[in-house]
There are 8 protein chains.
Amino acid sequence: MATKPTLSNEQVTAAMNAMLAKGMEIPDEPVAMAIVDAGGELLAYRTMDNLRIFSRRHALRKAYTSAVMGQDSGAHAARLQEQGRGIADLGDPRFTHGQGGLVIMQDGVILGGIGVGGYPSGQRDEDLSRVGLNVINL
Amino acid sequence: MATKPTLSNEQVTAAMNAMLAKGMEIPDEPVAMAIVDAGGELLAYRTMDNLRIFSRRHALRKAYTSAVMGQDSGAHAARLQEQGRGIADLGDPRFTHGQGGLVIMQDGVILGGIGVGGYPSGQRDEDLSRVGLNVINL
Amino acid sequence: MATKPTLSNEQVTAAMNAMLAKGMEIPDEPVAMAIVDAGGELLAYRTMDNLRIFSRRHALRKAYTSAVMGQDSGAHAARLQEQGRGIADLGDPRFTHGQGGLVIMQDGVILGGIGVGGYPSGQRDEDLSRVGLNVINL
Amino acid sequence: MATKPTLSNEQVTAAMNAMLAKGMEIPDEPVAMAIVDAGGELLAYRTMDNLRIFSRRHALRKAYTSAVMGQDSGAHAARLQEQGRGIADLGDPRFTHGQGGLVIMQDGVILGGIGVGGYPSGQRDEDLSRVGLNVINL
Amino acid sequence: MATKPTLSNEQVTAAMNAMLAKGMEIPDEPVAMAIVDAGGELLAYRTMDNLRIFSRRHALRKAYTSAVMGQDSGAHAARLQEQGRGIADLGDPRFTHGQGGLVIMQDGVILGGIGVGGYPSGQRDEDLSRVGLNVINL
Amino acid sequence: MATKPTLSNEQVTAAMNAMLAKGMEIPDEPVAMAIVDAGGELLAYRTMDNLRIFSRRHALRKAYTSAVMGQDSGAHAARLQEQGRGIADLGDPRFTHGQGGLVIMQDGVILGGIGVGGYPSGQRDEDLSRVGLNVINL
Amino acid sequence: MATKPTLSNEQVTAAMNAMLAKGMEIPDEPVAMAIVDAGGELLAYRTMDNLRIFSRRHALRKAYTSAVMGQDSGAHAARLQEQGRGIADLGDPRFTHGQGGLVIMQDGVILGGIGVGGYPSGQRDEDLSRVGLNVINL
Amino acid sequence: MATKPTLSNEQVTAAMNAMLAKGMEIPDEPVAMAIVDAGGELLAYRTMDNLRIFSRRHALRKAYTSAVMGQDSGAHAARLQEQGRGIADLGDPRFTHGQGGLVIMQDGVILGGIGVGGYPSGQRDEDLSRVGLNVINL
């Protein structure tokens, strides 16, 4: 039987804890964070207090976009924009052009995606996602 | 237990009455008006006679956009346009780029949104929403 | 040109005011109330404080069901149940079997629907809808 | 009781017959045609043989757009484009930017919409819709 | 190249005219009527004045159900009920258990469906659909 | 300004940690767990390894049902069944009849919902939700 | 890195070929067949000529139900019926109560699902799915 | 009875086999391939291992777009772009601007569509679709 790599409970827990701890260092700048599996299905989610609903949903859409596209959501959006296309043209409301989602890959196999939403800049969202990606330690 | 501010019946009634009274001063220019809570869920709605269906729905979408985005719908759309994005890219058909929605906030906490649709200009829609916001008197 | 009867601003305002005043007599039993036009499109809506979201949405679904079915929502559900059918079989999530919606008709023409949700019994919801229907005074 | 103008069976039949007769003069250029009421709900529909599905659905979307927007679909799209907006930003997949839909109005009251789809140009689609509008003879 | 039978403009026109003429004999009992093709896509539709919206949509759902199921909608529902299933279990809101839809078949090939809605009994709806089916004259 | 009670980060974190720790005591019986706010919007989510997708989604639907209904999902379903209704009749695919969701209330105000899915019995799902509810310590 | 078993191209090809060859033995009884992965996402699909659309879609829904539920679709439906529930109560239109779907599992891990639709009995549908499952040869 | 050309089992099987064989020549560049009928309904589908989910769905959307539009998906998108429109404006999430879909036509009649997704360029996707179209040999 063929096998493929997959995320474990330990990796998901470690990544969420690291992101949440880092995010809580600045409680006045709340963020939401999500990890999805290779099928784009939710593995873990947390939001901090007092975050607008859009950003709370956005974290999930960034993780989903990264996993289903197999690309970081910001890099994907940049390529799309070069082609003169909008994200709405892709036919799935869960896709976003927002930076802040990272694909989790190993040896060319997609394992899932991480997404963060809420900071004033997409770069800072992505930085926090990377905190999670780093502890997954593929 | 933590608490957060919320809109009361009295505030919603006062805001709706003020907006409706103001709107009815010009019966030949019908408008619709809506107030939603922090979750974007409807609190109050009225439409005047003989308004196209799009505008009747638009009032609700403006209130929803303001509450879920935590920004006035017109200001939000202006920022989005600067980034070269369309509202359709945000993945929720209830979002609108139309001016005329105002977020209801207190001390950085989102309490809901007010939206008006129907006037020939979004600025006039927003002016009527502000009539409602002013009487909420946060 | 053919004409058909239609609800006026005055009727909608009078009906909503009468229902809201009656409902506010018991503030500890919050309800939501809605009026829709012949197409099932929203004309007016209000909810009282501290009502579960289901009931807030239910008022709208009852008004919609009554207008689109051309029957009071409770009477319609009773007939459906006699036939061994469920409301889900009708293919529209806005339909409900809940009592509390009344059709607004004149001379066999459907003008719209009124719906109330929130009381412990559907009969009490319907009674409050009837307060609104009575002041429409067809 | 207030009244408002409405389309009659006779008008709808006459408009559909006129459009179909005109369209059938060129059987090799099939079109679809639709009439909706003030609520955007279907009154009448016909398609000729061998028309792509998109155009068959497009006729209905043009009629719907005209009724719900209270403007001819082509004129509406032109205004929208001046504002730098796309039709997708309006949050309803039944809206189209396609020319070929006409609003049916009388004394500022919207009675419905007519839409035609299938010709190589939107102008020709609109011309056929106008054949229908003319026989409604408001 | 393989071929399969298909409905022609002439058949659709003749069927609709026959059903409409028959229906108009009793103008106080309005009905709606629809014909769809083998893919369940609309070919022709008409509604008479003053019919509730549910029935106007129901005609279309009956025609769709008959074509996609390859069975008359009433017979299909009877079989389903014997199995203790509801139509909602089939996962498509366009399906209905309502009698009044007829499949159009020739030599075991499905060509489309006809549906009528509005009469007090499903049997009478089906009788009017049969008027249409008879003139298609397969 | 009126206020209402709300869940805090600390409560959500404590509840999720307690449920996850308890669930991980039996790694061979994976479960998913979710907490939503008063609007039914996600606050926190985790799933253990190797759980069928249905149960992973079910935890979220149980939490949503409890918050939006203002009742524990199992108790709500029992009442519904007494009335001869199915959950599908309520018009929202996020509702479930599954036991395992608990409403979070204080002084009659709904703060949110907790849901667990995955165990062979709904009672055990509910027991784990109660582990979370207990540490919220209202 | 953790790994989990997965279906390979070779297995999918072999299963589809075996099912298609078997199905084509009786060309007058057309069927459709589908294989989905662990996430319920399509891997392979085929339909034979002249099958009603419902059955063509049903094969996919059976495969999806089996993978997402982690149970054969017929066995799942039987258990659900014992509990007095309908499949519509599960909130996902892709679920079906139809027999004919088989889950693909290995050592308690779900790899995907196989579904067949079109035969007069669900048992025969399931028998053909099993032809595919057998050649996957876990 | 009128007839129209239609795809046969033999054609579909031959086209899929040819495309799959060609695609498998480069196993490290996985693709998905789909064939739909004139109604846009699925006839056959295959994906190779280790392809991102977006591309797996994209093959289907390209085939659908080609059949429903009656044009190759790339050529259609080019024309749309000339008009300053986006694919999202067409109101159907199954439409795509992606090159790689080909319409199957004979004598001006649409028989269906073929779509391929996954290669780095849309041109290569279209080349593989053409391998399938060529063996259909109209």
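Lettering of chains follows the sequences in order, A, B, ..., and the numbering in each one begins at 1. All heavy atoms count here, side chains included; hydrogens, waters and symmetry mates do not.
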Stepwise side chain to side chain contact (heavy atoms under 4.5 Å, CB included) test for G:Leu7 and G:Asp37: CA-CA 7 Å; G:Leu7 295 170; G:Asp37 67 16; 5.6 Å; no

Criterion side chain to side chain contact (heavy atoms under 4.5 Å, CB included) on E:Val36 and E:Leu60, from CA distance to verdict: CA-CA 8 Å; E:Val36 302; E:Leu60 186 45; 4.0 Å; yes

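Interface residue E:Gln83: only backbone heavy atoms are found under 4.5 Å from chain G. Contact of G:Arg57 with chain E is made through the side chain alone, with heavy-atom distances under 4.5 Å. For E:Ala67, no part sits under 4.5 Å from any heavy atom of chain G, backbone or side chain. Residue contact with chain E, scored on non-hydrogen atoms closer than 4.5 Å, involves the side chain of G:Arg61 exclusively.
In terms of non-hydrogen atom pairs under 4.5 Å with chain E, the most contact-rich of G:Asp49, G:Asn50, G:Leu90 is G:Asn50.
Using modelled atom types and a 3.5 Å distance limit, the side chains of E:Tyr64 and E:Asp92 yield a donor-acceptor pair.
Formation of a donor-acceptor pair under 3.5 Å by the G:Asn134 side chain with backbone atoms of G:Arg130 is found in this model.
Looking at E:Glu126, E:Lys62, E:Arg124 one by one, the single match for side chain to side chain donor-acceptor pair (under 3.5 Å) with E:Gln99 turns out to be E:Glu126.
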